[in-house]
Amino acid sequence: MSRKTLEQRHEMSDIERLRHSCAHVLATAVMRIWPDAQLAGGPPVDNGFYYDISLDHAITPADFEQIEAEMKKVVKANETFERLTVSREEAAELAKAGRLGALSDRSIPSKFKLDMLNDIPEGEEISIFKNGDFQDLCAGPHVGRTGNCKAFKVMSVAAAYYKGDSDNESVQRIYGTCFKNRTELDEHLEKLEEAKKRDHRKLGREMGLFAIDEAVGQGLILWKPKGSVIRRELQNFISKQLDAQGYSEVFTPHIGKLDLYRTSGHFPYYQDSQYPPVIERDVITKLADEGCSCADLHNILEKGEIEGFLLKPMNCPHHIKIYDSEPRSYRDLPVRLAEFGTVYRWEQSGELGGMTRVRGFTQDDAHLFCLPEQVAEEIQGCLGLVKSVLGTLGMNDYRVRLSLRDPDSDKYVGDPANWDKAEQALRDAVTTLGVDYTEELGEAAFYGPKIDFVVSDVIGREWQLGTVQVDYNLPERFDLSYNGADNKSHRPVMIHRAPFGSLERFTGLLIEHFAGHFPTWLAPEQVRILPISDKVIEFAEKAEAALRENGIRVVLDRTADKVGAKIRLAQLDKVPYMLVVGEREAEANQVSVRHARKGDLGTQSLDDFVTAIVDEINQRAL
RNA sequence: GCUCUUGUAGCUCAGGGGUAGAGCGCGUCCUUGGUAAGGACGAGGUCGUGGGUUCAAUUCCCACCAAGAGCUCCA
């Protein structure tokens, strides 16, 4: 869901007004069916609306038909939306009588409405909206009549926490979609169907790109051979960029001692979202000898008193230790250490999904250690890298988020003055870059603010991909230094950056972005040769060899199918180029070229085709 | 982690208290065909796992595991 700016929230568009009204129609219907229900809030959202409801009966999709039927009655009755202004006391009286978010007085108060009343600031006008017998505490605005809600559909039901706080009680959230008219609604529903077809989980299975196996573990991606080709190409691509930009590639292990992460702060701050520590055998034996119970062990782990290793949740501490492995002079800086580093995080089970949210993933990570005066330029370099990487892949539909700390939270480490410096540095950089961006409080990492590149998946969920982060804190924690021109010790500044973010998430989104039709340079199978009959198999083999010699990933279709069927299969496999070869081609040393998206491209000589495709691949053409 | 839904052949799905079906895919054979499906035959399933109810469970109930949607979280 995209976040609304303050202005957008205050100024409800026509369609939002309609959707909000439709939420009231839904609420009216629900109250007619279940008069004891307690209503919470029901705002418009992208493409529709929801209403939060507390109710003993668990609403399931089987109830949707009845709800929609009741809604249709409300719409047909064409009730007027009537706005009443009331005093706080009057509103409270109504709520106590159970008369808010209800069709009549009830024996129990409207508890959520009573609570929401308290959230309305003193002095603000309190309004009630009525349609027919239904009345609700509501700031509005609404459309004129319920009859305006012509095109809607109840979509789903899920639990949500009241007011979005996981400490609050859980309510049932009914989602609906609503459009101006039937045509737009149908278009939207069709779009949802289309989107499902390019879902990376579906395409990933169909195209044999990756698998997830229960026996291996939730959220752990198995890259199959074809997916691995894509990953290798992406890695090669990024490595070339890094070489050009003066990065040094490093390799570090997948685990590190707990103390390393105590120093960095990861272990204490993110206990809940890490795989449990790997405890040394001797330590376990000793604990057992001491009669340590499971409860004791649990306490020891909680307090972090244990010794052992952690699967690394981040690469920075390892890179920091590489920086710190030799004395550094200001002349050496910036030191740019890059690694395709695999990290492990214990994400909540309900969060996992496909390749976009996983428990083990590889970041195209790098850490830049630089002089304070180099920070601005280095950030620029990183942002440019992210932009160019996304641009090469044609992923230009992203938004840029300046993620700042929430001043009211205490989860952040380090000196506020350093935070201010880092936030300003990023703000300056993103301004210079000349892209639109939004500043969002509370989105920062615990050690520093960041610039995030955010893209949406096929169902509209947003995911953070590339990120650039400025960090004054970890150098402090690890007591990093360099020798300055004044021959004194100084503290470097760190920049964390990852243009893809994680290869898993990025590849997942890339699959959806291309709907499986990868550009030739990324396609696992770039060319399929389709002989018309066995009579030309020799020529087909010759073509295959010629392509393979030029580094093209080619497959010769030796099945007994007719060309029509061979083409169909190649199309379904989304192979960019199909070479149809028959006796005509064999005689002339030619190939008949068909492109998966462009169709029949006619005949050309084998040599010309090879030259053209090699060029296309080298260009990384889209 | 929370709520709801789902789990039947490799994939998409139908079925239903009396030990299972379709299409596609796969295998063998026939067919050598010119830009999205040629034909015949055949092999695949402890119906997610474990309990319970029952003469009988894949079907009903419970728990667990996993997936999906949303919420919360996301270094």
Side-chain angles (χ1 to χ4, degrees), chain A residues 1 45 50 52 58-63 155-175 196 199 201-202 205-206 208 212-215 217-219 261 264-267 269-270 272-274 312-317 343 345-354 356-359 363 365 403 411-413 443-448 450 459 461 463-464 467 469 471 474 496 498 505 530-537 559-572 578-585 592-596 599-603:
Chain A
M1 291 304 130
V45 292
Y50 65 77
D52 282 345
I59 295 169
T60 75
D63 297 314
M155 301 296 283
S156 62
V157 58
Y161 298 107
Y162 176 57
K163 290 205 269 195
D165 185 336
S166 56
D167 292 332
N168 285 342
E169 74 171 278
S170 182
V171 293
Q172 304 189 62
R173 177 169 295 179
I174 304 180
Y175 280 90
K196 271 193 210 157
D199 189 311
R201 291 165 295 196
K202 180 178 158 69
R205 186 178 52 246
E206 287 174 356
I212 299 169
D213 191 294
E214 285 184 30
Q218 280 181 285
Y261 298 101
S264 70
H266 294 110
F267 185 57
Y269 278 85
Y270 288 98
D272 290 346
S273 37
Q274 288 160 358
K312 68 178 173 187
M314 288 191 87
N315 300 304
C316 11
V343 297
R345 297 175 188 176
W346 188 259
E347 304 288 3
Q348 299 183 95
S349 60
E351 277 309 329
L352 299 170
T356 44
R357 194 77 185 266
V358 293
R359 282 185 174 161
Q363 298 175 313
D365 210 358
S403 301
K411 78 167 193 176
Y412 306 100
V413 297
E443 293 290 329
F446 78 93
Y447 52 76
K450 48 191 186 135
I459 25 188
R461 289 181 294 208
W463 300 97
Q464 177 198 309
T467 180
Q469 317 179 353
D471 181 1
L474 287 180
H496 310 237
R505 177 177 290 179
L530 313 177
I532 300 232
S533 81
D534 287 351
K535 289 180 197 153
V536 291
I537 199 76
T559 62
D561 289 326
K562 303 215 273 188
V563 251
K566 288 182 181 179
I567 286 171
R568 179 166 183 273
L569 287 174
Q571 284 286 153
L572 291 175
M578 286 153 267
L579 301 184
V580 177
V581 295
E583 293 184 88
R584 291 205 294 271
E585 287 80 6
S592 175
V593 183
R594 182 188 164 101
H595 189 269
D600 193 345
L601 299 181
T603 305

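Proteins come first, then strands; the chains are lettered A, B, ... in the order of their sequence lines, and each starts at number 1. These numbers were taken from a predicted model, which means no experiment stands behind them.
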What nucleic acid atoms does [X] come within less than 4.0 Å of, heavy atoms only: base, sugar-phosphate, or nothing?
X        : answer
A:Gly265 : nothing
A:Arg173 : sugar-phosphate
A:Val580 : base
A:Arg584 : base
A:Gly354 : sugar-phosphate

Phosphate OP1/OP2 of [N] contacted by [X] side-chain N/O (<4.0 Å):
X        : N     : value
A:Arg345 : B:C73 : no
A:Gln218 : B:A66 : yes
A:Arg461 : B:A69 : yes

Distances for protein N or O near nucleotides 27-32 of chain B N or O, under 3.5 Å:
unit_1 : atom_1 : unit_2   : atom_2 : d
B:U32  : O2     : A:Asp534 : N      : 2.7
B:U32  : N3     : A:Asp534 : OD2    : 3.0
B:U32  : O4     : A:Asp534 : OD2    : 2.8

message: Under the criterion of centre distance below 5.5 Å and interplanar angle below 30°, is A:Tyr447 classified as stacked on the base of B:A75?
response: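 So A:Tyr447 does not count as stacking on the base.
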
query: Residues in salt bridge (Lys or Arg N to Asp or Glu O under 4.0 Å) with A:Asp199, at least two apart?
result: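 For A:Asp199 the salt bridge (Lys or Arg N to Asp or Glu O under 4.0 Å) partners, ignoring immediate neighbours, are A:Arg201.
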
- request: Taking salt bridge (Lys or Arg N to Asp or Glu O under 4.0 Å) as the test, write out the residues that go with A:Arg357, two or more places apart.
  value: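 Applying salt bridge (Lys or Arg N to Asp or Glu O under 4.0 Å) to A:Arg357 gives A:Glu347, A:Glu351.
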
message: I'd like the P distance from B:U6 over to B:C61, given in whole Å.
response: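 B:C61 and B:U6 have their P atoms separated by 11 Å.
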
message: For nucleotides 40-50 of chain B, give me one character per nucleotide, 5' to 3': B if any protein heavy atom sits under 4.0 Å from the base, S if the only such contacts are to the sugar-phosphate, - if neither.
response: -----------

field: Watson-Crick or G-U stems involving RNA chain B, each at least 3 pairs long, distances under 3.5 Å, ordered by first number
entry: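 So far as stems of 3 or more pairs are concerned, RNA chain B shows B:1-7 with B:65-71, B:10-13 with B:21-24, B:26-30 with B:38-42, B:48-52 with B:60-64.
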
Taking N or O atoms only and anything under 3.5 Å, show me the protein contacts with nucleotides 7-13 of chain B, one pair per line.
unit_1 : atom_1 : unit_2   : atom_2 : d
B:U12  : OP1    : A:Arg205 : NH2    : 2.8

